[in-house]
Amino acid sequence: MNTDWIENLNPPQQRAVTHHTGPLLVLAGAGSGKTRVLTHRVAYLIDHFDTPPEAIVAVTFTNRAAAEMRHRVDALLDDKKAASRVVISTFHSLGARLLRRFAPRARLSWNFSIYDDSDSRRLIGALLESQGLEKDRASIRHHQNYIDSQKNRALTPNQALEQAFDGRAEEDAQFYELYQKALREADAVDFGDLIMGPVNLFRQSPELALHLSESWQFLMVDEFQDTNPAQYELLDHLTTAHDNLAVVGDDDQAIYGWRGADPTHILGFEDAFRSANIVKLEQNYRSTAVILDAANDVIAHNSHRHSKRLWTDRPDGDPIVVFSGADDREEAGYVAETIFDLLRRGTDAEDIAIFYRTNAQGRLFEEQMRQWGVAYRIVGGLSFYAREEIKDLLAYLRAALNPSDDVATARVINTPRRGVGKSTIEKLRRATAVDGVFNLQEAALLANDNGPGEPPQSDLFTARPLPSGPDQVEAIDDIRSLRGVSRRGLTEFQTILEATREDLLHFDSLTPVMERLMERTAYADHVQHSDPERADDRLRNIGELVNAIEEFELDPGTPALIDAVKKLMPDDADDPLTTSEAAIHLRAFLDRSALVQSTDTNDDTSAVTLMTIHGSKGLEFDHVFLVGMEEDTFPNLRNPNDPEELAEERRLAYVAITRARNQLYISNARRRRTYGQFRNTEPSRFLLHIDSKRLLVDPRSTSAEIDYAARTKHSSSGRSSTKSPSWSFDQSSQQNDDFNQAPPDWDQSYDADVAALLEPPPVDTAHEKLVGLTVSHTKFGVGEVLSASGSGDNPLLIINFPAVGEQSVYRKFLKILG
DNA sequence: AGGCTCCACGTTTTT
DNA sequence: CGTGGAGCCT
């Protein structure tokens, strides 16, 4: 037992780490070492208090945070085996695990599916259709939001109905009930159920919660400020037998109000747990003083905060660099160019990040990064597992493993096309309404029967006689009388599923199952044929899926995961499709892919990170580019008059700023394209809140100096009127894309060496010497000079830019790279 | 059944 | 601007 590292913690950190039993609230400011406290406490519980590792449960919100914590606990403990026994999990994975463990009690099979947002949407659409209701996008979104918010608030359909205050709310609650019933029939749960499902279990069987909490003796929760009522209730159940609940959070970083997070959980923790030990971590180890001060400038405008004073003993550091582009494209070009320069100066791309408010903003930066040849990685956005081709192939596997999963079945019953069109699917759906026909796959089996009047051929339906009411008979006969392509298509589909099930029984690994599925479905041909332009991309994605499966099976952590899955399996499981090795692999892989946002960056190449601010929580980077700092983009207010919404946006700005360790760049654009239309902008009030003495306006900001003098002075009242003239230039001014002409010493941190690089090379009248050189341009990226013409120090060059083709550009708009 | 064209609509933020 | 659904035509 070696706990010398205790010495390296500051006194409040030590108090938190050495806390043993009873409730603990750690109010941890940004960068104050909260992950450090959590991981060290895990180690201390094990090493000092001899706690069995499996009695410790640490819960996070994101897979990323869970992985980070796992990694750091691993590093702290000498006994690596012990480290892997600690339960470190996201709320949702923990919920999935509990639901699998107690599936029968939740009226689910062990192989239940997890529906992601798009699966839920399809289910809602199908239900609206079956109800003869409007099924436009708005309506689907409305129901999805409603159901999700009820689940976030830990309300069952019945409770929602009781609380309904008008007819509309009653209808919504009734639809929620219908949806839950459909989910159960599909042997599936959605994301909300991953929390609500276990909560319901514990409500019905408190002894279950008691039992679990006896073995899970120590609970720790990261980012506690973002817990919603359902998660809070889950924690409550899990602490039935004790009150060893340690929570870590920062009310200034509460950014998930829209997802039902309730700040009273953290603000009222000391009331809920009277004996709570409260520790405040107020020393920031991450950022320079300038960055921290800027963050405080912004967050100071919020009221209702836990009292807390974040400080640092780091030096001031460089001022925050501000750039205003003529438009959003120029802004992106500036960021890409600046990053390009940073990389040339030897900065590791891993230490650089671009944060934006909404995913859609990422596209422009992605484009520019590509033009400048900068390696980048987009986190979030369209998840790998949300791609059409990936969802299709996984749907086959889901449908094979869980025949009740109608969303998966419907997704691929006619993909690739095999003649099962809309009307056939509609017939199948109607047949599932017949008692004794439990799902689409069973309905499809009826097509193999001989026809009206004949007895059913399928064992399934001789063992389970179907009703004989006229409507039901008609629905069944509709399918029995299918002929031609539709019937052949259904047979083909069944054959594929059956063969896949056979494969799952006979292989020990998932990889050959996947390969054979690809062959049977001829999915690659389908991609090639249906979408020739993007076929290469999509085929590469499929390749990545195959790799992901292979890597998953080869991953040293997987055997432990598989073991864990096996432990969750009911003892009396005898269905071969449940107990076979490949099926168990599949179960584990599907769970992971449902709960993981993207292929967890296996690529070890160094790359610049692009992500939303929400995605950045808990992370830190040397260089942070906070972009799109304009009103209406950030803050992005749905309801401009809601002070709470504005406060949350402000906390979001606080989170973004405090991610930066050494250098923060803030940028915006005077015009931004939305829906293809240019729109004039104003600088973000958050930018204006930062004391201008901390800012250095980049001289390349074409005429875009922000008029700080024009700022209103009475903004500390908490209600700032920021309708003052914001830009000190004419909004109609033309875009000026030659900011390369700006003096190379725009950034004081540039050393002479770098300045020389940026200095235009000596005038060379023999322009031919330029031919063949590599140059870079703000808009077009990097290219090669093909020819030169003209005279003086600014010849016209023809340049081949890989990104955009040949362009004629004046010398002075270019930077010579060599 | 399937493919095509046209048009309406949208953007928070994530597990 | 881009997507995706509805509706029309083959």
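Below, read A as the first sequence line, B as the second, and so on, with proteins coming before strands; counting in each chain starts at 1. In this text, all values refer to a predicted model and were calculated from it rather than measured experimentally.
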Practice problem: Verify the ring-centre separation between A:Y523 and A:H526: is it less than 6.0 angstrom? | Solution: yes
Quiz item: What is the ring orientation for A:H614 with A:W258, classed by angle as parallel under 30°, tilted 30 to 60°, or perpendicular over 60°?
Solution: perpendicular
Quiz item: Counting only heavy atoms not in A:R679, do more than 12 sit closer than 6.0 Å to its CZ atom?
Solution: yes
Quiz item: Picking from B:dA1, B:dT15, B:dT14, which would you name as closest to the side chain of A:S486?
Solution: B:dA1
Self-check item: Spacing of A:M611 atom CE relative to B:dT13 atom P, expressed in whole Å
Solution: 14 Å
Practice problem: Verify the contact: side-chain N or O of A:S423 to OP1 or OP2 of B:dA1, cut-off strictly under 4.0 Å; return yes or no. | Solution: yes
Self-check item: A:D117 or A:A360, whichever maps to the more 5' nucleotide of DNA chain B
Solution: A:A360
Quiz item: Distance only, no hydrogens: is a donor on one side chain within 3.5 Å (strictly under) of an acceptor on the other, for A:N302 and A:Y654?
Solution: no
Quiz item: Just checking A:F61: base, sugar-phosphate only, or nothing, at a heavy-atom cut-off of under 4.0 Å?
Solution: sugar-phosphate
Quiz prompt | Which atom of A:Y356 lies closest to which atom of A:I378, heavy atoms considered | solution = OH-CG2, 4.2 Å
Quiz prompt | Ring centers of A:H301, A:F686 separated by less than 6.0 Å | solution = no
Self-check item: Closest listed nucleotide, where the reference is the side chain of A:H92 and the choices are B:dT11, B:dT13, B:dT15
Solution: B:dT15
Quiz item: How would you label the contact of A:T612 with the nucleic acid (heavy atoms, under 4.0 Å): base, sugar-phosphate, or nothing?
Solution: sugar-phosphate
Quiz item: In whole angstroms, how far is the P atom of B:dT13 from the CD atom of A:E649?
Solution: 11 Å
Quiz prompt | Nearest-0.5 Å distance that lies between atom OG in A:S93 and atom CZ in A:R592 | solution = 11.0 Å
Practice problem: Would you mind reading off the distance between A:L590 atom CG and B:dT15 atom P, rounded to a whole angstrom? | Solution: 19 Å
Do any N or O atoms of the protein come closer than 3.5 Å to N or O atoms of nucleotides 2-10 of chain B, and which pairs are they?
| from | atom 1 | to | atom 2 | distance (Å) |
| --- | --- | --- | --- | --- |
| B:dG2 | OP1 | A:G419 | N | 3.1 |
| B:dG2 | OP2 | A:N414 | ND2 | 3.1 |
| B:dG3 | OP2 | A:R417 | NH1 | 2.8 |

Exercise. Check the distance between B:dT13's P and A:N145's CG and give it to me in whole angstrom.
Key: 13 Å
Practice problem: Take the protein atom CD1 of A:I613 and the nucleotide atom P of B:dT14, then report the distance between them rounded to whole Å. | Solution: 10 Å
Quiz item: Checking all strands, does A:N359 fall into the base, sugar-phosphate, or nothing category for heavy-atom contacts under 4.0 angstrom?
Solution: sugar-phosphate
Quiz item: Would you say the side chain of A:I114 lies within less than 4.5 Å of the side chain of A:D591, judging by non-hydrogen atoms?
Solution: yes
Practice problem: Round to the nearest Å and state the distance from A:E648 atom CD to B:dT14 atom P. | Solution: 12 Å
Quiz item: Under the salt bridge (charged side-chain N to carboxylate O under 4.0 Å, His left out) rule, what pairs show up with a residue in residues 609-621 of chain A, not counting sequence neighbours?
Solution: A:E223-A:K617, A:D226-A:K617, A:R286-A:E620, A:E620-A:R661
Exercise. Write down the distance between NZ (A:K151) and C1' (B:dT15), rounded to a whole number of angstrom.
Key: 13 Å
Practice problem: Pick base, sugar-phosphate or nothing for A:S93, based on heavy-atom distances below 4.0 Å to the nucleic acid. | Solution: nothing
Quiz item: Roughly how far apart, to the nearest Å, are C:dG4 and B:dT13 at atom P?
Solution: 15 Å
Quiz item: Within the structure shown, what part of the strands sits under 4.0 Å from A:T674 by heavy-atom distance: base, sugar-phosphate, or nothing?
Solution: nothing
Practice problem: Extract, from 5' to 3' on DNA chain C, the first and final nucleotides lying under 4.0 angstrom from some heavy atom of chain A. | Solution: C:dC1 to C:dG4
Quiz prompt | Whole angstrom value for the distance that separates P of B:dT11 from CG of A:L637 | solution = 17 Å
Exercise. For the residue pair A:Q180 and A:K151, establish whether any side-chain heavy-atom pair is separated by less than 4.5 Å.
Key: yes
